[in-house]
Amino acid sequence: MKTSWRTAALVATAASVLALTTACGQDNVTPPAAAAQNVGASASAAGIGTGLGSGNGYGADGAQASASPTLAAPAGKLTVATNPQLGNVLTDGSGLTLYRFDKDTAEPPKSNCDGDCATTWPPVPADDANAGAGIDKAMLGEVTRADGTKQLTIGGWPAYRYAKDLNSGDVNGQGVGGKWFALAPNGKKASLTSLPGLSVRKDPKLGDIVVDKNGRTVYRFLKDKAWPKSVSNCLGACLEKWPAVAPVSEDDTQGVKKKGLMPFTRSDGAKQMSVNCWPIYTFTGDKAPGDTNGQGVGGTWYAVSPEGKPIGAPAQ
């Protein structure tokens, strides 16, 4: 697999670390790290698909789907999409959902989908696949199929597209035959329970934005402060409408910039999480994962970028 790699040079002196800690108001007590999960383990998945198969064991329909040039296209830059029922779902460079097959294995990686199965569930080529925002490049790999071609793997699991997914965001293959499930960025079956405490999803209008463990959009308040220490100016009735995001362990985040990613103590004594030292919140007006109803409210509330910037906010 040919993967484009960027080398990041991180230079930190003891003095700068101390300055950052003081500036961000980091507390001495850090939340415990999330329990480690085994890459090959299967999480329970929500049954969105019909779950109906034709009896061929692969969930294929009686009539074979017509071939499409896009189905054999390279994966390109993988992205993370948020589905209201499934949480973070892995997609290819065209926005098509990627799937895993229960009859395959991840340790060692092996595909058991050939012939008619591979027509309905085209294997994703490993060539030119690379990790986008919110995806650990270490999760990407490849496996040699029976025909000698290289197939992309995620966390060891061979990746496929579904012939009936025609548009970006389609998840028509979810639960088909009780064996096919959308892939989460870590190779597990996509489900809301698989989301980390903070992660990144690609919103069709706002681009890459930070979401919490429930897939809900995270916001910044322009009246807050980050320097010389984190300060929340959302109190009382404001806090009822814009709940503060509770502290999250750095190990329980994905795709969010690590610098300034820490909890702080609010003026009311409660603990709140910050991104790049800026306090973060959710919005009670967002009724479901993927909603961005808080964007631009009052000219002071904006979704947060992975770097902690308020997306779409006027220049200050």
Side-chain angles (χ1 to χ4, degrees), residues 1-3 37-45 48-49 51 53 56-61 64-65 67-68 70-81 83 86 88-132 134-165 170-191 194:
M1 178 180 65
K2 296 179 288 184
T3 307
Q37 294 179 332
N38 189 6
V39 169
S42 298
S44 59
I48 293 180
N56 59 9
Y58 302 114
D61 298 302
Q64 292 297 327
S68 169
T70 60
L71 295 178
K77 188 173 185 177
L78 305 183
T79 57
V80 179
N83 179 280
L86 296 177
N88 281 352
V89 173
L90 192 63
T91 63
D92 67 10
S94 299
L96 292 176
T97 300
L98 301 187
Y99 298 88
R100 51 176 275 183
F101 183 34
D102 275 359
K103 289 189 176 181
D104 288 348
T105 60
E107 297 178 355
K110 187 179 187 302
S111 169
N112 289 304
C113 178
D114 298 293
D116 289 345
C117 172
T119 300
T120 302
W121 302 91
V124 179
D127 288 349
D128 299 322
N130 58 89
I135 302 169
D136 183 355
K137 59 188 177 185
M139 289 289 102
L140 276 60
E142 63 181 34
V143 63
T144 302
R145 296 177 51 78
D147 60 7
T149 60
K150 302 291 186 181
Q151 181 175 1
L152 175 68
T153 61
I154 307 296
W157 288 96
Y160 306 82
R161 299 182 179 97
Y162 183 43
K164 286 196 171 184
D165 282 350
D170 285 352
V171 286
N172 298 315
Q174 174 67 13
V176 168
K179 301 180 181 68
W180 291 91
F181 300 94
L183 272 164
N186 59 2
K188 296 182 182 295
K189 297 176 182 179
S191 69
S194 69

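Position 1 is the first residue of the sequence, and the numbers go up from there.
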Undergrad: Heavy atoms only: give me the nearest Gly178-Asp102 pair and the separation to one decimal.
TA: O-OD2, 3.7 Å
Undergrad: Check Lys103 against Lys179 and note the closest heavy-atom contact, atom names and distance.
TA: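 Looking at all heavy atoms of both residues, the closest pair is CE-CE, 3.5 Å.
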Undergrad: Starting at CG of Asn112, measure out to CG of Asp104 and round the result to the nearest 0.5 Å.
TA: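 Going from the CG atom of Asn112 to the CG atom of Asp104 covers 5.5 Å.
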Undergrad: Could you tell me whether a side-chain N or O of Arg145 sits under 3.5 Å from a main-chain N or O of Ser111, the two making a donor and an acceptor?
TA: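 Not a single qualifying donor-acceptor pair exists.
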Undergrad: Can you classify the ring geometry of Tyr99 versus Trp121 as parallel (below 30°), tilted (30 to 60°) or perpendicular (above 60°)?
TA: perpendicular
Undergrad: Looking only at non-hydrogen atoms, find the nearest pair between Val143 and Pro109 and report the distance.
TA: CG2-O, 3.3 Å
Undergrad: Backbone N or O of Glu142 within a donor-acceptor pair of the Thr153 side chain at under 3.5 Å?
TA: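 At least one qualifying donor-acceptor pair exists.
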Undergrad: Is there a side-chain contact between Asn172 and Tyr162, using heavy atoms and a 4.5 Å cut-off?
TA: yes
Undergrad: Just how far is it from atom CG of Asp127 to atom OG1 of Thr149, taken to the nearest 0.5 Å?
TA: 9.5 Å
Undergrad: Rounded to the nearest 0.5 Å, what's the gap from OG1 on Thr105 to CD on Glu107? Could you check?
TA: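 Rounded to the nearest 0.5 Å, the OG1-CD separation comes to 9.0 Å.
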Undergrad: Nearest 0.5 angstrom please: Arg161 CZ to Leu152 CG, how far?
TA: 9.0 Å
Undergrad: Tell me whether the rings of Tyr160 and Trp180 are parallel (<30°), tilted (30 to 60°) or perpendicular (>60°).
TA: perpendicular
Undergrad: Looking only at heavy atoms, what is the nearest atom pair of Asn88 and Ala190, with distance?
TA: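 Here Asn88 and Ala190 meet closest at O-CB, 3.7 Å.
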Undergrad: As a quick check of understanding, evaluate side chain to side chain contact (heavy atoms under 4.5 Å, CB included) for Thr91 and Val80, giving each step before the final call.
TA: CA-CA 6 Å; Thr91 63; Val80 179; over 6 Å; no
Undergrad: Working to the nearest 0.5 Å, report the span between CG of Asn186 and CG of Asp136.
TA: 9.5 Å
Undergrad: Would you name the heavy atoms of Ala131 and Leu140 that are closest together and state the gap between them?
TA: N-CD2, 3.9 Å
Undergrad: Among Leu98, Val124, Asn130, Leu183, whose side-chain contact (heavy atoms from CB on, under 4.5 Å) with Leu78 holds?
TA: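 The residue from Leu98, Val124, Asn130, Leu183 that satisfies side-chain contact (heavy atoms from CB on, under 4.5 Å) with Leu78 turns out to be Leu98.
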Undergrad: How many angstroms lie between CD1 in Ile135 and OG1 in Thr79, if you round to the nearest 0.5 Å?
TA: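 Here the interatomic distance stands at 6.0 Å.
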Undergrad: Of the non-hydrogen atoms in Pro158 and Gln151, which two are nearest, and what is the gap between them?
TA: CB-NE2, 3.5 Å
Undergrad: By the definition side-chain contact (heavy atoms from CB on, under 4.5 Å), identify the one residue from Leu86, Asn83, Val89 that meets it with Gln174.
TA: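 Only match with Gln174 under side-chain contact (heavy atoms from CB on, under 4.5 Å): Leu86.
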